[in-house]
Amino acid sequence: MEKMKMITPLVEMDGDEMTRILWKIIKDELLLPFIDLKTEYYDLGLEHRNETNDKVTFDSAEATKRYGVAVKCATITPNAARVEEYGLKEMWKSPNGTIRAILDGTVFRAPIVVKGIEPCVRNWKKPITIARHAYGDVYKASEMKIPGPGTCELVYTASDGTENRELIHEFTGAGVIQGQHNLCGSIESFARSCFSFALDTRQDLWFATKDTISKKYDHTFKDIFQEIYEQEYDARFREAGIEYFYTLIDDAVARVMKAEGGFIWACKNYDGDVMSDMISSAFGSLAMMTSVLVSPQGYYEYEAAHGTVQRHYYKHLKGEETSTNSVATIFAWTGALRKRGELDQTPELCAFADKLEQACTATIESGSMTKDLALITTIPNPTVLNSEAFIKAIRSRLEELL
């Protein structure tokens, strides 16, 4: 068959460890045989980030602004052990955090639901979408180790030179301190993205923080959401028959466990990081979740919501067989290809993305799956496939659909 044409390239951000291995197999087996794939390639593997002093990460984000759509492989955020392992010049920051800070917007994550993989929470009947703010908080924090007794303050110096000071703590001994920030403009973009997404998908929207403790920081989030909702979205929500409400995050956790799903749960940056992992694991697997960063300027970055599968990578290096779930990474590609097709008005590219997703779910529902799913499936006598065989089984299904 003739390969499908692409008009505008995707920004392709390669990654690390086992997901980097899967990335190549996915391209070789599921994309290049069927699409005249056009990408602008950026190697975000840790070695190359180190070689470029992390410039490649910034370059990839700027390229996303130019082309509008990006697809990203999972990457390592180094800790002290990784600095030693890779001989890094410094402990580079999270590439996801860097890219999100440049693009702004909101990360929407939802579980990929297939028959035979039942949620751990019995009453969850529909997917739960996490809307995660993509700027600031701990990901842009400044930190300091406090060596001994002394006073730490927050100091704001206005443009006219006047100062406001707030005591943080009077240390009597050693400790640590961290300063976080956010921007009202970014919070406003976050709120509008969540309200618009809720209207588009006809789902209720929950928003949760801890404003009873954080009476200025978290309360600002709450106030901005409420003001924008009342001024711009109240009537539209009522017309659509959907609801917006705010609740404390601990109350939201209690509520979500008793809900049936089918709603959007908006969270601050770190809260969304944690809760999306909880939701994806409870629905089946971290490797069974879609993730897209939607910028208010109309930029889209699709990624797998999980890590680089380090343990499997070390097995792979030893020549041992792995059974690594590649579904989330495949769905990152399908999401980006579908959006590219929508923006370029090439419906055949959108149709291909749909069929590749159908091939993934059909393969699992037929009983052929990776080990992580075989351990939790209700399908009798599943066939456990290794990493490459699973992708090749999806290719066979895809060829049938095409």
For F245 together with F207, are the ring centres under 6.0 Å from each other?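 So the answer is no for these two rings.
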Counting only heavy atoms not in [X], do more than 12 fall under 6.0 Å of its [atom1]?
{"X": "E320", "atom1": "CD", "result": "yes"}
{"X": "K371", "atom1": "NZ", "result": "no"}
{"X": "N381", "atom1": "CG", "result": "no"}
{"X": "Y217", "atom1": "OH", "result": "yes"}
{"X": "E90", "atom1": "CD", "result": "yes"}
{"X": "M144", "atom1": "CE", "result": "no"}

Please find the pair of heavy atoms, one from I130 and one from G272, that lie closest to each other, and give the distance.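 Reported closest heavy-atom pair: CG2-O, 3.9 Å.
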Minimum heavy-atom distance between A374 and V384, given as atom pair plus value: CB-CG2, 3.5 Å
Strictly distance-based, threshold 3.5 Å: is any side-chain N or O of [X] a donor or acceptor partner for the main-chain N or O of [Y]?
{"X": "T346", "Y": "E342", "value": "no"}
{"X": "N50", "Y": "L88", "value": "no"}
{"X": "S186", "Y": "L183", "value": "no"}
{"X": "D218", "Y": "T209", "value": "no"}
{"X": "N386", "Y": "E388", "value": "yes"}

Using distance only, find each side-chain donor-acceptor pair of residues 108-117 under 3.5 Å and give its atom names and separation, not counting sequence neighbours.
| unit_1 | atom_1 | unit_2 | atom_2 | d |
| --- | --- | --- | --- | --- |
| R109 | NE | S291 | OG | 2.9 |
| R109 | NH1 | S276 | OG | 3.0 |
| R109 | NH2 | E303 | OE2 | 3.4 |

So, using side-chain hydrogen bond (donor to acceptor under 3.5 Å, both in side chains) as the criterion, who are the partners of [X] when residues are at least two apart?
{"X": "D59", "result": "K55"}
{"X": "H181", "result": "Y135"}
{"X": "D43", "result": "R20"}
{"X": "Q180", "result": "Q178"}

Cationic N near anionic O, under 4.0 Å, E17 to R82: yes
Decide, yes or no, whether a salt bridge links D234 with R238 under the criterion of side-chain N to carboxylate O below 4.0 Å.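 Between R238 and D234 there is a salt bridge, with a charged N closer than 4.0 Å to a carboxylate O.
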For [X] and [Y], does a side-chain donor sit closer than 3.5 Å to a side-chain acceptor?
{"X": "Q310", "Y": "T308", "answer": "no"}
{"X": "T151", "Y": "E170", "answer": "no"}
{"X": "S94", "Y": "N96", "answer": "no"}
{"X": "T57", "Y": "D54", "answer": "yes"}
{"X": "H316", "Y": "T322", "answer": "no"}
{"X": "D16", "Y": "Y313", "answer": "no"}
{"X": "Y41", "Y": "D14", "answer": "yes"}
{"X": "Q297", "Y": "S295", "answer": "yes"}

Output all residues satisfying salt bridge (Lys or Arg N to Asp or Glu O under 4.0 Å) with [X], sequence neighbours left out; order by chain, then residue number.
{"X": "E227", "result": "none"}
{"X": "R397", "result": "none"}
{"X": "K3", "result": "none"}
{"X": "K355", "result": "none"}

Using the six-membered ring wherever Trp is involved, compare the ring planes of [X] and [Y] and label them parallel, tilted or perpendicular (cut-offs 30° and 60°).
{"X": "F190", "Y": "F221", "value": "perpendicular"}
{"X": "Y302", "Y": "Y300", "value": "parallel"}
{"X": "F171", "Y": "H169", "value": "perpendicular"}
{"X": "W333", "Y": "W23", "value": "tilted"}

Identify each donor-acceptor pair in which a side-chain atom of residues 254-264 lies under 3.5 Å from a protein atom, sequence neighbours left out, and give them as a table.
| unit_1 | atom_1 | unit_2 | atom_2 | d |
| --- | --- | --- | --- | --- |
| R255 | NE | D251 | OD2 | 3.0 |
| E260 | OE2 | K126 | NZ | 3.4 |

How many angstroms lie between atom [atom1] of [X] and atom [atom2] of [Y], to the nearest 0.5 angstrom?
{"X": "E29", "Y": "K24", "atom1": "CD", "atom2": "NZ", "result": "9.5 Å"}
{"X": "T324", "Y": "K315", "atom1": "OG1", "atom2": "NZ", "result": "8.0 Å"}
{"X": "K93", "Y": "M91", "atom1": "NZ", "atom2": "CE", "result": "12.0 Å"}
{"X": "E118", "Y": "I376", "atom1": "CD", "atom2": "CD1", "result": "9.5 Å"}
{"X": "F225", "Y": "E188", "atom1": "CZ", "atom2": "CD", "result": "11.0 Å"}

Among residues two or more places apart or on two chains, list those pairs meeting salt bridge (Lys or Arg N to Asp or Glu O under 4.0 Å) that have a residue in residues 157-169.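 Every salt bridge (Lys or Arg N to Asp or Glu O under 4.0 Å) pair that includes a residue of residues 157-169, provided the two are not neighbours, is E153-R165, E163-R165.
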Pairs flagged by salt bridge (Lys or Arg N to Asp or Glu O under 4.0 Å) wherever residues 64-74 is involved - sequence neighbours left out: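 Passing the test, one end in residues 64-74: E40-R66, E62-K65.
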Do R132's NZ or CZ and the ring of Y139 fall within the cation-pi criteria of under 6.0 Å and 45°? yes
